[in-house]
Amino acid sequence: MRVVIAEDNVLLSTGLELLLGTKGIEVAAVVTDGPSLVESVDLNRPDLVIADVRLPPSFRDEGIKAALAIRQAHPGLPVLVLSQYVEQVYARELLADGSGGVGYLLKDRVGRVGQFIDDLRRVAGGGTVMDPEVIAQLMAAGGANALDRLTNREREVLSLMAHGLSNAEIGQRLSVTDNAVHKHIGNIFAKLGLPPSDGGHRRVLAVLTFLDHR
């Protein structure tokens, strides 16, 4: 796997590069701003992009804007975004194209090496990974919305889907059978108005609905 990293913090970018190298993951380039990230992706054609939300010069949203531009220019290219804080709107924007291969993690997750590498590989494989803190804040927001039609168990399953867990992993986490998980997910799709015609994107669309109604 080849990755491009966009991170202006030299300590973090160097640490990431060393960490990924120990896991057999090649870092094709390290850049420090949005335009350089876009150029580097065009040049190196990586399998995955790791980008900070906030990059120079304004340290506001240059990184996420570059990531969104990359997803438009290279549909389906996996992007893992790192942020210092929970910024929910960016998570929703990343999921908006419905193609998967996206992740939104807080930077302190990088220190949990095993979990971080698992999350990185999940995103690279086309999965969706959301930081538990983001999910916790969204769940706590409450309010009347489309998710109110879900049972407590269905909301729990949807939350784990938003974490990027597979059906088997959800079953293990909740100590239920694969058939039970499949039934819960089917009910979630039906209650959120996601018909079979939506095909393989229904899982991502369900997570998008979860994030959108906060």
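The cluster map of Ile, Leu, Val, Met, Phe, Trp and Tyr, joined by side-chain heavy atoms under 4.5 Å apart, puts Val38 and Leu55 in different clusters. A single hydrophobic cluster is seen to contain both Val129 and Ile5, as judged by linkage of ILVMFWY side chains at heavy-atom distances under 4.5 Å, directly or through other members. Hydrophobic cluster membership differs between Val81 and Phe59, with clusters built from Ile, Leu, Val, Met, Phe, Trp and Tyr side chains linked at under 4.5 angstrom. Both Ile50 and Val113 are part of a single hydrophobic cluster, where members link through side-chain heavy atoms under 4.5 Å apart.
Residue Arg122 holds its CZ atom at 12.0 Å from CG of Leu80, rounded to the nearest 0.5 Å. Once rounded to the nearest 0.5 Å, the distance linking OG of Ser58 with CG of Asp33 reads 11.5 Å. Summarising the geometry, atom CG belonging to Leu37 is positioned 14.5 Å from atom NZ belonging to Lys65; distances are rounded to the nearest 0.5 Å.
Nearest approach of Ser83 to Val53, heavy atoms of both residues: CB-CG2, 3.7 Å. Minimum heavy-atom separation, Leu48 to Val79: CD1-N, 4.1 Å. For the pair Arg149 and Lys191, the tightest heavy-atom approach, listed with the atom from each and the gap, is NH2-O, 2.7 Å. A pairwise comparison of heavy atoms in Pro46 and Val4 identifies CG-CG2, 3.7 Å as the closest pair. When all heavy atoms of Ser40 and Ala29 are compared, the closest pair comes out as OG-CB, 3.3 Å. The shortest non-hydrogen separation linking Ala124 to Met1 is CB-CE, 3.8 Å.
A salt bridge is defined here as a Lys NZ or Arg NE, NH1 or NH2 lying under 4.0 Å from an Asp or Glu carboxylate O, and Arg54 with Glu7 fails to meet this definition.
Using a 4.5 Å heavy-atom cutoff, the side chains of Val41 and Asn44 are not in contact. Counting only heavy atoms from C-beta outward, the side chains of Ile25 and Arg121 approach each other to under 4.5 Å. At a threshold of 4.5 Å between non-hydrogen side-chain atoms, the residues Ile188 and Arg155 do not count as touching. Within the 4.5 Å cutoff, no side-chain heavy atoms of Val3 are placed close to those of Asp47.
Glu39 and Ser36 share no donor-acceptor pair across their side chains, judged by distance under 3.5 Å alone. No side-chain donor from either of Asn152 and Glu156 sits under 3.5 Å from a side-chain acceptor of the other.
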If you apply the rule side chain to side chain contact (heavy atoms under 4.5 Å, CB included), what do you find for Asp42 with His74, and how did you get there? CA-CA 9 Å; Asp42 290 339; His74 307 277; 2.8 Å; yes

Trace of the side chain to side chain contact (heavy atoms under 4.5 Å, CB included) decision for Leu82 with Phe116: CA-CA 11 Å; Leu82 300 178; Phe116 175 71; 4.2 Å; yes

Output a table of donor-acceptor pairs, distance under 3.5 Å, between side-chain atoms of residues 170-185 and any protein atom two or more places apart or on a different chain; print 'none' if there are none.
unit_1, atom_1, unit_2, atom_2, d
Thr177, OG1, Ala180, N, 3.1

Considering only distance and modelled atom types, tabulate donor-acceptor pairs under 3.5 Å from the side chains of residues 10-23, sequence neighbours left out.
unit_1, atom_1, unit_2, atom_2, d
Ser13, OG, Asn9, O, 3.3
Ser13, OG, Val10, O, 3.1
Thr14, OG1, Val10, O, 2.8
Thr22, OG1, Leu19, O, 2.6

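Side chain of Glu169 to backbone of Ser166: a donor-acceptor contact under 3.5 angstrom is found.
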